[in-house]
Amino acid sequence: MTKSIDIIHDEHRALAAMLSGIRTIAMGIEAGRLKPDFDLLSAMIEYIDKVPEKVHHPKEDQYLFAKLRLRSVEALPIIEHLEEEHRQGEARINALRASLAAYREAGPAGFAAFYEMLQIYLDQEWQHMNTEEKQIFPLARACLTAEDWAEIDAAFLANDNPWQGAAGQYAGLFSKIVNMAPAPVGLG
Ligand SMILES: [Fe+2]
Ligand SMILES: [Fe+2]
C-alpha cells in the first residue's frame, strides 16, 4: 500500500550514500590523507544536482505532498517548508558548484571556504530528509486513503528509477563516481 514511500526511502538512502561519500572525501582532504580530485568532486555534485534536484524533489511535490496537503492540516506548514527548500535547491547546488570551482582555481588556500560551504549544504540535506522521514512519512501513513496511495504509487511506479540499476538514466554517472572514488567510498 505504500510502495511510493519505499521508493522515496530508497532514493534517500542513495542520496545519503553520495552525501556521506563526498563528506568522507572532504574529511580526507582536510586531514591531508587525500589529494583533491576535482573531477570526482564535480561528478558527485553533478549527480546530486541531476538526481535529487531534477527527479526526486519534483516527485515528492507533485504526488506525495500534493495529496497530503489535502488531508492533513498538521502536515501543511511542514510541507510548505519542505517545498520552499526544494525551490531553493537549485540555487544551493549552484553555490556549491561555484565554491568548488573557486577552490579548484585557488588551490589549497581555497579548501576551507569550500569545506564550510559543503558542510552547510550537507547539514541542510540531512535535515530535509530527516523531516520527510520522521514527520511526513508518519503523517502520510496516518492520513492518506487507500485511493490516495493507489494514485501516488501508480505515478511512482510509472517512472523508471533513474537512481540505480542498468536501466537508470544516471547509472553511468553513478558508476563513474564509484570507479573514481578512493576506498572506502568507491572502488578506486
Ligand atoms: Fe524533499
Ligand atoms: Fe526527499
Side-chain angles (χ1 to χ4, degrees), residues 8-61 65 77-137 162-164 168-188:
I8 295 178
H9 181 65
D10 283 349
E11 293 181 350
H12 284 171
R13 289 179 50 192
L15 174 59
M18 193 61 64
L19 297 174
S20 76
I22 199 166
R23 186 179 57 189
T24 301
I25 288 171
M27 283 168 66
I29 297 170
E30 192 200 24
R33 283 196 309 273
L34 291 177
K35 290 216 182 312
D37 179 340
F38 290 104
D39 292 337
L40 171 63
L41 289 167
S42 54
M44 293 175 105
I45 291 173
E46 192 191 339
Y47 184 88
I48 294 170
D49 179 34
K50 290 290 181 308
V51 183
E53 296 301 337
K54 305 289 193 305
V55 180
H56 175 82
H57 295 161
K59 278 197 304 194
E60 290 174 335
D61 289 339
F65 295 175
I78 309 169
I79 288 174
E80 279 171 0
H81 180 74
L82 293 167
E83 286 177 343
E84 179 56 28
E85 289 184 337
H86 288 174
R87 281 193 289 276
Q88 292 165 359
E90 194 162 355
R92 292 179 54 240
I93 198 88
N94 286 340
L96 187 61
R97 193 185 284 119
S99 165
L100 179 66
Y103 168 31
R104 190 171 203 160
E105 182 87 17
F111 176 72
F114 167 70
Y115 194 39
E116 197 187 330
M117 179 72 101
L118 178 68
Q119 282 172 313
I120 293 168
Y121 184 88
L122 296 178
D123 285 349
Q124 286 176 333
E125 290 295 304
W126 291 121
Q127 258 181 36
H128 181 91
M129 278 193 286
N130 249 325
T131 304
E132 289 171 346
E133 298 261 343
K134 302 263 159 54
Q135 297 184 45
I136 292 298
F137 289 6
W163 292 69
Q164 296 156 326
Q169 195 182 346
Y170 297 106
L173 181 57
F174 190 86
S175 33
K176 182 174 142 198
I177 291 165
V178 170
N179 285 318
M180 283 164 88
V185 174
L187 306 171

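Everything numeric here is computed off the predicted structure, so don't read it as measured data.
- Side-chain atoms of D49 never come within 3.5 Å of backbone atoms of I45 as a donor-acceptor pair (strictly under, hydrogens ignored).
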CA sep, side-chain torsions, deciding dist, call: M117, I120, side-chain contact (heavy atoms from CB on, under 4.5 Å): CA-CA 5 Å; M117 179 72 101; I120 293 168; 5.6 Å; no
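- Using a 4.5 Å cut-off on side-chain heavy atoms (C-beta onward), Q88 and E84 make contact.
- For E105, the CD atom sits in a loose shell: 12 or fewer heavy atoms of surrounding residues, nucleotides or ligands are nearer than 6.0 Å.
- Using a 4.5 Å heavy-atom threshold, the side chains of H56 and I8 count as touching.
- In this structure, E132 and F65 have side chains that are in contact, with non-hydrogen atoms separated by less than 4.5 Å.
- Of the possible donor and acceptor atoms, one in the side chain of T131 sits under 3.5 Å from a partner among the backbone N and O of Q127.
- Every residue two or more places apart in sequence or in another chain that forms a side chain to side chain contact (heavy atoms under 4.5 Å, CB included) with H9 is listed here: R13, E133, F137.
- The pair R92-E125 meets the salt-bridge criterion, with a side-chain N (NZ, NE, NH1 or NH2) lying under 4.0 Å from an Asp/Glu carboxylate O.
- Residues L118 and L96 come closest through the heavy atom pair CA-CD1, 3.7 Å.
- Looking only at atom types and distance, the side chain of H128 has no donor-acceptor partner in the side chain of Q124 under 3.5 Å away.
- Looking at L15 and M129, their side chains come closer than 4.5 Å, going by heavy atoms from C-beta outward.
- Across every non-hydrogen atom of I25 and L34, the tightest pair is O-CD1, 3.7 Å.
- Legend: side-chain hydrogen bond (donor to acceptor under 3.5 Å, both in side chains) pairs involving residues 29-45, not counting sequence neighbours, sorted by first then second residue: D39-R104.
- Considering every non-hydrogen atom in both L40 and I177, the closest pair reads CD1-O, 3.7 Å.
- For the atom pair D10 CG and H12 NE2, the distance stands at 10.5 Å (nearest 0.5 Å).
- Distance check: L19 CG to Y121 OH gives 7.0 Å after rounding to the nearest 0.5 Å.
- For Y115 and Y103, the ring centers are positioned 6.0 Å apart or more.
- Enclosure of atom CD in Q119 by more than 12 non-hydrogen atoms of other residues, nucleotides or ligands within 6.0 angstrom is indicated.
- The structure places CG of L41 at 13.0 Å from CD of E46, a figure rounded to the nearest 0.5 Å.
- Shown here for S99 and A113, the closest heavy-atom pair between the two residues is OG-O, 4.1 Å.
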